Number of protein chains: 2
Amino acid sequence: MEQKGSKSPQKLSGLRRQHKGLINLMPLQTGGMLTDAAKEALVEFGDGYSVCDFCQGVLCSITNPPIRDFVQEVLPPFLGCDVATITHGAREAKFMVMHSLARPADAILVDGSRHYTTFVAAERVGLNIIEVPHSGHPEFRIDVNQYELLIKKHNPRLILLTYPDGNYGNLPDARRLGEIAQEHNIPYILNGAYAVGRMPITMEEMGADFIVGSGHKSMASTGPVGVLGMKKKWEQIVLRKSTRHSNKDIELLGCTVRGVPLMTLMASFPYVKERVTDWDEQVSKAQWFSAELERLGFIQLGERPHRHDLLHFDAPALYEISKRVREKGYFLYKELKERGIWGPQPGLAKSFKVSTFAAARQQLGFVIDSFKAILNKYG
Amino acid sequence: MEQKGSKSPQKLSGLRRQHKGLINLMPLQTGGMLTDAAKEALVEFGDGYSVCDFCQGVLCSITNPPIRDFVQEVLPPFLGCDVATITHGAREAKFMVMHSLARPADAILVDGSRHYTTFVAAERVGLNIIEVPHSGHPEFRIDVNQYELLIKKHNPRLILLTYPDGNYGNLPDARRLGEIAQEHNIPYILNGAYAVGRMPITMEEMGADFIVGSGHKSMASTGPVGVLGMKKKWEQIVLRKSTRHSNKDIELLGCTVRGVPLMTLMASFPYVKERVTDWDEQVSKAQWFSAELERLGFIQLGERPHRHDLLHFDAPALYEISKRVREKGYFLYKELKERGIWGPQPGLAKSFKVSTFAAARQQLGFVIDSFKAILNKYG
């Protein structure tokens, strides 16, 4: 009965994060830091299938813990949709919509700033992916009016807009695209992975058919978990049931996040619902931070004035330094980490991305001073 | 900037499990209870995307925490496969294999005791699902030789076997099916959601092309997370890369479990690898428990002698009681819970399923005495 020998897994004990407790500017992480309530839920529902104690067959219908209420009563008004469900994350939500509505070789029209997972999800379905180009360096703007021409040319089955995109934090005119979508009667997916849970946004006000959100990116949740909202008219298609197992959603394979990430999403929700009302201050904080970094010689990419906490900077001075130091581009990561700051992708110095969402102004002041000190040190 | 009002989410605070600390016999849960190391990893990597601190673009290639080593070095010998990857769970693994290898209207041959998710995954791909019938009450056996006749008749693109099934804990002759699969050159998926992490099993010894395991069901992990092993020959098909984003797996949508469930799987693994060597004792314990319950008048369904901790009993005496008490079938749940025992599905009394995997013999002795006392109380 001896299992075939495998490599010593000693390295698997004592798994630790090196960045715990640092000032966190990493764009992927600033919206996913847990609330205290979520930390409690994490421990409470940590064991395997423990959310399923009182399951009657369908995750989203469980009443204890109150998943049904959360999905049916709490999420729809928050997302501004008729029907909501839980997914493994934004990418899985996009795939299930594409897989339900489109057939291989159908065209889908997406913005040129789309996340790579939009492309891969469409590719998994076998779609013909048409991209609406952005305006290029330095603003990378998406003009949604360009969708119209491409709709006429390609007759897409679906259109998708990333709001904001993850590279530059640009917020294209999602509402105008809603009008275009309705005019041409084409289902419209709004990818709000960096919007839902950070800023006020509803599917309804944008005129979209679907809204996609990410728990781990923007709703103070453990990864991975996401939300998907839709118009009532799509429920029978996207949430169609199995022919044999009549209570099981085909696209969800019955149930999706049958575990603790969903519990953290629910536990954090009261806080998340509240925090989106502070969005004006978040934008103001990001603009101030951006202006301060520009005074140091960095150049903010993307829309100006900026309207989101995701910020991308060209950093020619850092790049010059990276070319002559032993650590190459890693010097920036090392210097920031020594000062208790974590965010820009290790190894990159030519340009870097940060998010000001989780840091207080005082902390950001320290970050600005740190960049100043680093430039001086190597200047 | 006010978000559209949603129902008061007060119920979302203080989420608690009622069954924490009880003797746990619930089949879904006994293999997914966390180790101490996993509990630590849970807290350490609880925040959103915190496993991605050092991501270079692909989850399974992350070296800190050591995901790459785990996936490339540790898992393959344990699963007896050439190539392994991480999935959201067993159902998602089955879907990705079916979606990669088969086309709509292709036939798939599955055992009649398959989990509902096998059916739904195949349905999501649009497959023609053919079932090899089981022998019916009381043993529900699958004779794998019946696959041969149906292979000749339907020329399936794939075959799948559930080992063991989740209803009766039967272990059909997976090795014989491996010979049949190889003889007919048909890819063979072994669904080991209740095997991998509980008992010694490898894909290689069974002659399968794919092996599917579940972290939350049987590998002491937080839900949801799973593992998929395969022969080298399928790597280019199932783990094919995006045409545009050359390091991204299409079927994984880039990355799957980008969060803490994977960390718990890794943290528990040294313990899980060890515990499968105690399988003889697990089987002996299950057989003893089953014999004791049969002495009380319950009838064990499934194979005899039983070779797995999943047990299903017909309970005519409990059913008689349920017909005359106020709580109906819920009386059993209530009586057991009062005694600190949790397991049979609340509301069911005619027959019930339990797993002896997590409970010690002494605890199971108390469970047997409790059933005795309940029968006496209402007798």
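On a predicted model such as this, the values are computed, not experimentally measured, just so you know. In the text below, chain A, chain B and the rest are named by the order of the sequence lines, each starting its count at 1.
With sequence neighbours excluded, the residues that form a ring pair (Phe, Tyr, Trp, His ring centres under 6.0 Å) with B:F70 are B:F269. In this structure, the ring pair (Phe, Tyr, Trp, His ring centres under 6.0 Å) partners of A:F119, at least two apart in sequence or on a different chain, are B:H245.
Taking the centre and axis of the six-membered ring of A:Y116, the NZ or CZ atom of B:K248 falls inside the cone set by 45° and 6.0 Å.
One finds no salt bridge joining A:R17 and B:E40 here, because no Lys/Arg side-chain nitrogen approaches an Asp/Glu carboxylate oxygen to under 4.0 Å. Using a 4.0 Å cut-off between a side-chain N of Lys or Arg and a carboxylate O of Asp or Glu, B:E123 and A:R240 do not qualify as a salt bridge.
Annotation: maximal heavy-atom pairing with chain A below 4.5 Å, among B:K241, B:R16, B:K20, occurs at B:R16. When each of A:S221, A:S268, A:G347, A:A38 is scored by its heavy-atom pairs under 4.5 Å with chain B, the top score falls to A:S221. Per-residue heavy-atom pair counts under 4.5 Å with chain B were compared for A:K39, A:H99, A:M26, and the maximum is reached by A:H99. When each of B:E44, B:H216, B:M263 is checked for heavy-atom pairs under 4.5 Å with chain A, B:E44 comes out on top. When each of A:C255, A:S100, A:G31 is checked for heavy-atom pairs under 4.5 Å with chain B, A:C255 comes out on top. Most heavy-atom pairs under 4.5 Å with chain A, from the set B:G32, B:G259, B:G48: that is B:G48. Top candidate by heavy-atom pairs under 4.5 Å with chain A, chosen from B:T30, B:L262, B:D53, B:V225, is B:D53. Each of B:A37, B:A41, B:G46 has some count of heavy-atom pairs under 4.5 Å with chain A, and the biggest count is that of B:G46.
For A:T35, no part lies under 4.5 angstrom from a heavy atom of chain B. In this structure, the portion of B:F54 lying under 4.5 Å from any heavy atom of chain A is its side chain and not its backbone. Contact annotation for B:S242: both backbone and side-chain heavy atoms come within less than 4.5 Å of a heavy atom of chain A. Contact annotation for B:A267: both backbone and side-chain heavy atoms come within less than 4.5 Å of a heavy atom of chain A. Residue contact with chain A, scored on non-hydrogen atoms closer than 4.5 Å, involves the backbone of B:C55 exclusively. Using a 4.5 Å cut-off between heavy atoms, B:A90 contacts chain A through its backbone alone, with no side-chain atom that close. Both the backbone and the side chain of A:E92 have a heavy atom closer than 4.5 Å to some heavy atom of chain B. For A:M33, the parts lying near chain B are the backbone and the side chain together; criterion is any non-hydrogen pair under 4.5 Å. Looking at A:S50, the atoms closer than 4.5 Å to chain B (heavy atoms on both sides) sit in the backbone and in the side chain alike.
For B:Y333, the OH atom counts as densely surrounded, since its 6.0 Å shell holds more than 12 non-hydrogen atoms of other residues, nucleotides or ligands. Counting non-hydrogen atoms of other residues, nucleotides and ligands closer than 6.0 Å to CZ of B:F95 gives a total above 12.
No donor-acceptor pair closer than 3.5 Å links the side chain of A:R258 to the backbone N or O of B:P224. At least one donor-acceptor pair closer than 3.5 Å links the side chain of A:Q29 to the backbone N or O of B:Y49. Judged purely by atom type and a 3.5 angstrom limit, B:T222 has no side-chain atom pairing as donor or acceptor with the backbone of A:D47.
Under the 4.5 Å side-chain criterion, counting only non-hydrogen atoms from C-beta, B:L12 is not in contact with A:P65. The closest side-chain heavy-atom distance from B:L15 to A:M266 is below 4.5 Å. Side-chain contact between B:N64 and A:Q18: present, with at least one pair of heavy atoms (C-beta onward) separated by less than 4.5 Å.
Atom CD1 of A:I129 sits about 6.5 Å away from atom OG1 of B:T243, to the nearest 0.5 Å.
When every heavy atom of B:L42 is checked against every heavy atom of A:V260, the shortest pair comes out as CD1-CG1, 4.5 Å. Between A:L253 and B:A121 the shortest heavy-atom distance is CD2-CA, 3.5 Å. Closest of all the heavy-atom pairs between B:P261 and A:G223 is CD-O, 3.3 Å.
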